[in-house]
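Report on the following structure.
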Amino acid sequence: MRLGFPAKVLGRGGVLKDYDSRRWQSGPHLRVSLGYLNTIIDYLAEECITMYRISSNVAPYITHPELPQFHNQIEECAEDLAHLGTRARRLGLRLSMHPNHYTVLNSPVERVYEGAVRDLLFHGAFMDALGLGPEAVVVVHGGGVFGDKQLAMERFAARYERLPEQTRRRLVLENDEKSYSVQDVCEIHRLCGIPLVLDTLHHRTNNPGELSNREAAHVVIPTWPQGVRPKIHYSSARQEDRSITRRDRATGERITSVAAALRFQHADWVDTDEFAAFLADAAPLAFDVMVEAKRKDLAMLRLRSDLRERGIEVK
DNA sequence: CGATGTCAAGGAATC
DNA sequence: GATTCCTTGACATCG
């Protein structure tokens, strides 16, 4: 089992940037981003980290309709991209990407749909330019519901099938925290065959069918093709003290109490006991784990060391 | 330097 | 039909 983390790096004293986030006036950005990524790969190699998510912001404005001067960034950086990809392959590093929620493949608004396609084409082309194998996937969400979920799912499936093969073969679908539960993404998988990513925190938030983690893992993992190792997203829920003020009915006096509220956001760290329990639940399934925590690589490294202490083998 | 505004992009709830 | 929230972060600007 590989463990990975997304985006920026906290474990080098300060923060290692993962993409060029300056405004468009400072573009083009991809070459700068690739410089950052090379530094990050140095770090991954030193720490023997074998999985990493590249920010979908690596090439800002590359599909922006009004900034055509930035549309050729992949071609312009072809050599740098190939070099970076070669480094990743030599290190056995599994890379992935995760377009943000503005990418809505199933939108009924034509303009939005077209924008989503442009964005997904970019992600596929980027992975291809790195020369990465089929385990380098692009994780997407189901999109909107638009008042009729079944119809929206069918639209997703039809549009997935219509994507160019080069793009489609990278795509995998993740359950989200509001609209598309594990059961829903299973339905989309049934319609079009897209492999599924289980996000454990989203599953806690959005689980109308009350599937256990074990059940969820066992329906999601087998959706991956033979020879491509599945992966999941794992994070612990942030626990937060929230003060609640109410007025006493009899006296009119204000009463403030503190309640521990489970907010369904990523916690700073991963709870090792919970994670180990999840692994035991999911056994004997095999998969990689993307650790999503506020403390990024630090959380992943802490979890890895905890697991090794317990004799659980982790790459 | 700290506070505040802004960013390409959508959806959904609310009025 | 228009407005606001959702929600992440960091740059950019202002005082």
Side-chain angles (χ1 to χ4, degrees), chain A residues 5-10 14-30 32-33 36-37 40 53-73 97-123 126 138-153 155-156 159 173-181 184-185 188 199 201-202 204-206 208 233 235-238 240 242 261-268 290-299:
Chain A
F5 70 98
K8 68 185 177 187
V9 170
L10 305 181
V15 176
L16 293 184
K17 291 188 185 197
D18 57 322
Y19 68 96
D20 182 5
S21 56
R22 296 170 303 166
R23 298 290 150 88
W24 68 266
Q25 290 85 347
S26 309
H29 302 75
L30 181 56
V32 177
S33 292
Y36 294 158
L37 285 178
I40 288 181
R53 180 195 300 162
I54 296 174
S55 168
S56 280
N57 291 327
V58 272
Y61 311 109
I62 195 164
T63 62
H64 192 296
E66 285 160 29
L67 298 172
Q69 67 270 39
F70 297 136
H71 291 187
N72 291 324
Q73 291 182 80
M97 296 177 90
H98 193 5
N100 69 23
H101 64 280
Y102 290 116
T103 304
V104 186
L105 187 63
N106 70 345
S107 174
V109 179
E110 198 67 14
R111 181 178 50 80
V112 175
Y113 166 47
E114 287 163 4
V117 170
R118 279 201 302 276
D119 190 42
L120 296 178
L121 291 177
F122 153 67
H123 280 84
F126 185 84
V138 176
V139 182
V140 297
H141 286 299
V145 170
F146 313 104
D148 184 340
K149 188 182 276 184
Q150 186 61 34
L151 201 62
M153 291 194 289
R155 203 160 50 226
F156 181 99
R159 290 174 173 184
L173 173 65
E174 178 189 348
N175 61 305
D176 67 65
E177 74 277 22
K178 279 181 90 167
S179 304
Y180 292 97
S181 66
D184 294 329
V185 294
I188 297 176
D199 182 299
L201 184 56
H202 294 162
R204 260 175 94 162
T205 320
N206 180 16
H233 291 178
S235 51
S236 293
R238 181 184 206 100
E240 190 170 281
R242 194 166 45 180
L262 216 50
R263 308 208 38 203
F264 291 95
Q265 295 174 351
H266 295 156
D268 290 351
M290 183 62 72
V291 174
E292 297 180 325
K294 285 249 188 283
R295 303 303 300 273
K296 306 288 184 199
D297 50 317
L298 298 177

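Below, chain A is the first sequence line, B the second, and so on; all start at residue 1.
Between A/His101 atom NE2 and C/dG9 atom P the separation is 13 Å, expressed in whole Å. Between the NE2 atom of A/His202 and the C1' atom of C/dT7 there is a distance of 12 Å, given to the nearest Å. Between the P atom of C/dT7 and the CG atom of A/Asn57 lies a distance of 19 Å, rounded to the nearest Å. One can place OH of A/Tyr180 at 13 Å from C1' of B/dG10, the figure rounded to the nearest angstrom. The distance from atom CZ of A/Arg295 to atom P of C/dG9 is 12 Å, rounded to the nearest whole Å. Atom P of nucleotide B/dA8 and atom NE2 of A/His71 are separated by 13 Å, given to the nearest angstrom. A/Phe146 has its CZ atom 8 Å from the C1' atom of B/dG10, to the nearest Å. Here the C1' atom of nucleotide C/dC11 and the CH2 atom of A/Trp24 are 16 Å apart, to the nearest Å.
For A/Ser179, no side-chain nitrogen or oxygen approaches OP1 or OP2 of B/dG11 to under 4.0 Å. An OP1 or OP2 oxygen of B/dA13 is reached within less than 4.0 angstrom by no side-chain nitrogen or oxygen of A/Lys178. Dashed line: the shortest gap from a side-chain N or O of A/Arg111 to OP1 or OP2 of B/dA9 is not under 4.0 Å.
Once rounded to the nearest 0.5 Å, the distance linking CG of A/Leu16 with OH of A/Tyr36 reads 10.5 Å. Considering OH of A/Tyr180 and CG of A/Asn106, their distance stands at 4.5 Å, rounded to 0.5 Å. If you take CE on A/Met97 and CZ on A/Arg53, they are separated by 10.5 Å, rounding to the nearest 0.5 Å. To the nearest 0.5 Å, atoms CG (A/Asn175) and CG (A/Leu201) are separated by 10.0 Å.
The only member of A/His233, A/His141, A/His266 that meets ring-ring contact (aromatic ring centres under 6.0 Å, His included) when paired with A/His202 is A/His141.
Side-chain atoms of A/Arg23 come within donor-acceptor range of the base of C/dC11, with a qualifying N/O pair under 3.5 Å.
Atom name P, nucleotides B/dT14 and C/dT7: the rounded distance is 14 Å, in whole Å. Comparing C/dC5 with B/dG5, their P atoms are spaced 14 Å from each other, to the whole Å. Nucleotides B/dT6 and C/dT4 have their P atoms positioned 14 Å apart, rounded to a whole Å.
For A/Thr63, whose side chain is taken as the heavy atoms from C-beta onward, the closest listed nucleotide among B/dA8, B/dG11, B/dA9 is B/dA8. When distances run from any side-chain atom of A/Tyr61 to the nucleotides B/dG10, C/dC11, B/dA8, the shortest one goes to B/dA8. The side chain of A/Val145 lies closest to B/dA12 when the candidates are B/dA12, B/dA8, C/dA10.
Of the two residues near DNA chain C, A/Tyr102 and A/Lys294, the one whose nearest nucleotide lies more 5' is A/Tyr102.
Figure legend. B/dA8 is base-paired to no nucleotide; pairs are counted as Watson-Crick or G-U wobble with both atom distances under 3.5 Å. Judged by Watson-Crick or G-U wobble contacts below 3.5 Å, the nucleotide C/dT7 has no partner.
Side chain of A/Gln73 to main chain of A/His29: a donor-acceptor pair is present (N/O by atom type, distance under 3.5 Å, no hydrogens or angles).
Note on A/Gly144: only backbone sugar-phosphate atoms sit closer than 4.0 angstrom, heavy atoms only; bases stay farther off.
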